[in-house]
Every structure is written in structure tokens, then in C-alpha cells.
Protein chains: 2
Amino acid sequence: MVNIGRKEREYQEREQRILEIARPMVVREGYHALNMNRIAEELEYSKGTVYNHFPCKEEIILALAIQTLEARTSMFQRGAKFVGRSRERMQAIGVACELFARLHPEHFVVEQLVRIPSIWDKTSSRRQQLLYRAETDCLTLVSSIVHAGVGAGDLVLPEGLNAEELVFGLWSMTFGAYSMLATNSNLPALGVVNGYDAVRSHLRHMLDGYHWRPLDAELDYDLVVQRVLELHFADEMAQMAQMAMAANHTTVD
Amino acid sequence: MVNIGRKEREYQEREQRILEIARPMVVREGYHALNMNRIAEELEYSKGTVYNHFPCKEEIILALAIQTLEARTSMFQRGAKFVGRSRERMQAIGVACELFARLHPEHFVVEQLVRIPSIWDKTSSRRQQLLYRAETDCLTLVSSIVHAGVGAGDLVLPEGLNAEELVFGLWSMTFGAYSMLATNSNLPALGVVNGYDAVRSHLRHMLDGYHWRPLDAELDYDLVVQRVLELHFADEMAQMAQMAMAANHTTVD
DNA sequence: GTCAATTATTGACCAAAGGTCAGAATCCGT
DNA sequence: ACGGATTCTGACCTTTGGTCAATAATTGAC
């Protein structure tokens, strides 16, 4: 049965290659440039073979979105390893979330696309379930920290709001803000100078509003961020520094 | 010159009709169903004439988005008429925002679409400027309330955060949350039972976090919402009630 | 090693849809 | 009524998502 194994492996590898080819197409040139002919060409297989893997173009988008979510969850998991009180660990998730958005803006484009009804509706419910599963995994990770906070007595949820709904709020804020930062070039003209700083401030004040202890005034969360970065995201911090340097150079030039 | 006037008027009316035809197409059947041939057919003019008005399909989406933003701004303006302290007036904007999202979910689809780079990039910078202008008008209205709050001493903005960035936070939260509520049917399964209530709670707690007086504990904002609805959105309240009744009926049936 | 059955691959083909433009139709001032 | 300007038309072109009958490759029984 070693041959069946090889076949299967080759099939999986080709599926990955299709996604590797498709992602930069979507990211660099937009949804319209995602072209089945071009994918087949770059893959060096015929179009029919590509359609053997994905029944339609939209299914590729969905597959990319699932990968994206998995990548984000794994980033969140690294943040969640931070040892500390519940709100510190939530701050660690926030660090992971911001890093993910800033280092991999390409993932965001895909997440926005997959929400478009005319794209979503063309995909198979099998893969839709996979995305839902990935989404659940990510949300469960975050809401477990909320539950821990409630359990430790650091947080009291107001009546009529459950832990998942609180996470929904954090998710909405980051999704909305990072989407706009990635796509709305009018923001600086509107007076939004540093969007990422603003998001961090909003999240912190929102959790303060819910009285999640220790409050911002009771603990230096900037220090927590520093420690999270050093302990769990050293590589990403270096990448960010490199990006900042590159940006400086182009500004100077 | 009365004839030139008539011509011009007919041209404008036809442009409106194109948008009236296009909106339900996008809303009911999605972006893919927005079809220039069908528009021409329903308009009872040839395709070339439609292209006289809009150089490409995407330009129609952008025009719809501008209309949407104008409709939202006018709703916000009605809310802003509420007489009270700054945070009460911000609450009135919140009421307008939620009503707009719930009563006109079709507008949301368009706002999401126009952010897609592959759509945005195909539009004329002339119309892009129009959208930016409409966006500025809306944001300015809201940020003027923040400024009023600061001026009255009810709100002290933390260092490094300006009024526009605070509004950006409210905007991100509502945009992100209402987008997801409109497109992610997995939310109830994730535990998000009542998304709209959650958003209201988040906004309130966020503003509490910023210590915008009077705090939630110092004033009954549910009562403010009631008064805003009665004073400025009586029609919309009736519509909501009707929608709720219709939903009940289908549930019962 | 051979061969038939099964499976995988191909690329010509189709239909749908965005976009163009030369000519037809209409309008308008004289 | 006329001629020039403007507007409108729809046949036509191109691109591209998607199909499927024909072909090639693989496999396993003998």
C-alpha cells in the first residue's frame, strides 16, 4: 500500500502548491486577478486538474481563509502561553493579534473576501464547516481566558452578556479596525494618525470599562506587552523592527 | 435653455434609476449577479448608454456606497439633534447607527464590497473623492460630539489619542460587528446569542473606560435610548416593531 | 510481462459577461 | 427644412469560469 500512500501524498502536496500559487495572486493583484488559467499554468498542470482539487474559484478563497485562521490561532496559542493573571494573558492575545495583522496583512484580504455572500454561497458546505471549526477553535481559545478571569474573580460579566459575546466585541473591534486600516487610505486625512495605537487604547479602555482586574491603572500593561514580545514573539519583533527600518529608508530616500 | 435643463434632468433621473436597479441586484443576488446586460435590459436602454453613465461595473458599486454613506449620515444627523449632554448625544448616534444597520442591512453589503481592493482600484479617483468627502462629513459629525464632550469637561482624552481616533474606534466596532452579524451565520453556534445587545454593551463600557461622563452608572442610558427613539425615530421604531412581529409569525408558523 | 480495468490528466470547447465603437437615430439652433 | 452636434445602439471582441469526451497513466490479476 506504499504506492497509494505516495499518490495520496502527491495529491496533498499539489493541493498545497495550488494554494501557495493562489495566495500571492489574490494578495498582490486582487480577487479579479485570481485566474484559474494562470494557476494551472504556474502549477504546470492542466485546468481540469486544478478543478479536480477545487470545484470552483471561490473554494480556493475559502481554503486560503481556513489556512489564515489556522495561522492566526497558532499565533494566539503562542501568546496564550504567557504566564500571568487572566487580563495579562488577554493582553498577550492582543499582542499576537496586532502582530498578525501588521506582519501578515495579506491574510486580512482573504478573510474579507470570504465573507462576501456571492463568494461564500458558491462554496461547498463541507469546507464551510471546516472554516466554522477553525473559527470555533480560535474563539474558544480566547473565551477560555475570559472564563478564567471570571473564575478567578477578576472579571464579573454584566447580566445578559456571556464570555463569547465579550470575545465577539474584541473580535469586532480588531476585525473592523484592521480591515479599515488595510483598505481605507483616507484614514490619515480623517485625522486617524496612528490606528494601531488607537486600537490598543480602545481595547484596554473597553476592558477597563468591564472592570477586568487588574485595571490599566493598577498594572503597567505596556510592560506586559514588552515581556510578551520578548518571551514569545522574539522573531516577530525582529521582523517588525526590520519593517520599520525599511520604511524609514524609503522615507529618507 | 429650458430644453437643456430637461435633458440634464432626464440624464440625472436615469442615473438614479440605474442605481435603483443595481442595488437590489447586488443585495438580493450578490455581486456576481450585478450584470451590465441585465441593468441595460431593466433600464430599457442599451448597454452603451449604461456605460455612458458609469465607466465600469465597479463604479456603480462605488456610487451605491456613496448613497449609503449619505443615508447613514442623514440618519446620524437626526440622532444628533437630541438635546442633552455630549455622551447622551453620542448615545443618540449609537441608536441611529444600530437602527440603520438593522433596518437597512442591504446598505452594509455595499459598504463591504467597496472596500475590496480589486473593486476599489477600478473606480475613478473623482468618485473616490466623493466617497472620501461623504466619509469625512459623517466622521466630522460624530467627532464634533466628542469635541463637545471635551469642551464641556465631560471627557478627557488620554495622551496620544485624538477625537477622530476615538470615533475610529466606535466606527471599527460597529463596522466589524455589524459586518459579521450580517455575514457570519456561525455566530449563534459560537455562543453569540444577541449580537446587537452585545455591541451596545461594548460601546457603553468602552466609553465608560474613557470616563466619559455621565458614566453608565450615573445615568439611565436605556431611558435615553427610549427618548431618542420616541423623539427622533418614531417611524423607524414602528418599522422595527413590524419586523419583529413578522419574525415572530414565521417562528410560530 | 501482458493486458484489461480503473483512475488521472488533458485541453478543446462552451457560455456568460465586461467592455468597445462605428454607425444610426435624435435633437437643436438657425 | 437643414446640417452639425449629441446621444444611443447593439453587434462584436476578449476574457475567463467551467465542462467533458478523449487520452494517458497506473494498477493489479494472471
Side-chain angles (χ1 to χ4, degrees), chain A residues 1-19 21-22 25-26 29-64 113-114 116 118-124 127, chain B residues 1-19 21-22 25-26 29-64 113-114 116 118-124 127:
Chain A
M1 291 305 112
V2 79
N3 281 327
I4 287 179
R6 194 205 72 209
K7 273 270 170 193
E8 178 63 18
R9 203 176 57 240
E10 280 175 1
Y11 186 87
Q12 294 299 337
E13 281 169 4
R14 195 168 53 196
E15 188 139 327
Q16 284 311 307
R17 273 215 61 218
I18 292 175
L19 296 179
I21 290 167
M25 272 186 194
V26 178
E29 300 159 76
Y31 173 67
H32 282 123
L34 182 65
N35 182 302
M36 298 304 260
N37 293 316
R38 269 180 69 200
I39 291 177
E41 208 176 308
E42 285 193 38
L43 184 68
E44 292 177 289
Y45 277 88
S46 76
K47 193 154 55 154
T49 299
V50 179
Y51 274 96
N52 262 7
H53 288 267
F54 299 97
C56 67
K57 197 184 162 180
E58 286 73 18
E59 195 92 0
I60 295 183
I61 305 273
L62 181 50
L64 288 174
L113 279 177
V114 84
I116 308 232
S118 69
I119 292 181
W120 179 259
D121 292 344
K122 284 190 159 192
T123 57
S124 67
R127 253 210 182 77
Chain B
M1 291 308 108
V2 79
N3 281 328
I4 286 179
R6 194 204 73 208
K7 273 273 171 189
E8 178 63 18
R9 203 176 57 240
E10 281 176 1
Y11 185 87
Q12 294 299 337
E13 281 170 2
R14 195 168 54 199
E15 188 139 327
Q16 285 309 309
R17 275 215 57 219
I18 292 175
L19 296 179
I21 291 167
M25 273 187 194
V26 178
E29 299 159 76
Y31 173 68
H32 283 123
L34 182 63
N35 182 302
M36 297 305 260
N37 293 313
R38 268 180 69 200
I39 291 177
E41 209 176 306
E42 284 194 39
L43 184 68
E44 291 178 287
Y45 277 88
S46 75
K47 192 154 55 155
T49 300
V50 178
Y51 275 95
N52 264 6
H53 288 267
F54 299 97
C56 66
K57 196 185 164 180
E58 286 74 18
E59 195 91 0
I60 295 182
I61 304 273
L62 181 50
L64 289 173
L113 277 178
V114 85
I116 308 237
S118 69
I119 292 181
W120 180 259
D121 293 344
K122 284 189 160 192
T123 57
S124 69
R127 251 208 185 80

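Given the structure is predicted, the values throughout are model-derived calculations rather than measurements.
When heavy atoms are screened at a 4.0 angstrom cut-off, Arg38(A) is found touching no nucleic acid atom at all. Leu34(A) comes within 4.0 angstrom of the backbone, heavy atoms only, and of no base.
Phosphate proximity of dA8(C) to Arg14(A): absent, as no side-chain N or O sits under 4.0 Å from OP1 or OP2. OP1 and OP2 of dT9(C) both lie 4.0 Å or more from every side-chain N or O belonging to Ser46(A). In this model, the phosphate group of dG17(D) is approached by a side-chain N or O of Asn35(A) to a distance below 4.0 Å at OP1 or OP2. Contact annotation: Tyr51(A) side-chain N/O to dG18(D) OP1/OP2 distance is under 4.0 Å.
Rounded to a whole Å, the CD atom of Gln12(B) is 13 Å from the P atom of dT7(D). Look at CD on Glu10(A): it is 12 Å from P on dA8(C), rounded to the nearest Å. Rounded to an integer number of Å, the gap from Glu44(B) CD to dC8(D) P is 15 Å. Between the P atom of dG17(D) and the NZ atom of Lys122(A) lies a distance of 9 Å, rounded to the nearest Å. Rounded to whole Å, the distance from CD1 on Ile119(A) to P on dG17(D) is 12 Å. In this entry the distance linking CG of Asn52(B) with C1' of dT7(D) reads 7 Å, nearest Å. Protein atom NZ of Lys47(A) is 7 Å distant from nucleotide atom P of dG17(D), rounded to whole Å. Rounded to whole Å, atom C1' of dT14(D) lies 16 Å from atom CE of Met36(B).
A distance of 5.0 Å separates CG of Leu113(A) from CD1 of Ile61(A), quoted to the nearest 0.5 Å. Rounding to the nearest 0.5 angstrom, the gap separating the CD1 atom in Ile116(B) from the CD atom in Glu58(B) is 11.0 Å. Taken to the nearest 0.5 Å, the CD atom of Glu41(B) stands 10.5 Å off from the CD1 atom of Ile21(B).
Counting distance only, with no hydrogens placed and no angle test, the side-chain atoms of Lys57(B) and the base atoms of dG19(C) include no donor-acceptor pair under 3.5 Å.
The aromatic rings of His53(B) and Tyr11(B) lie parallel to each other, with less than 30° between the two planes, well short of the 60° mark.
Distances were taken from every side-chain heavy atom of Asn37(A) (C-beta onward) to each of dG17(D), dT10(C), dC8(D); the shortest belongs to dG17(D).
The heavy-atom pair separating Lys57(B) from Tyr31(B) by the smallest distance is NZ-O, 3.7 Å.
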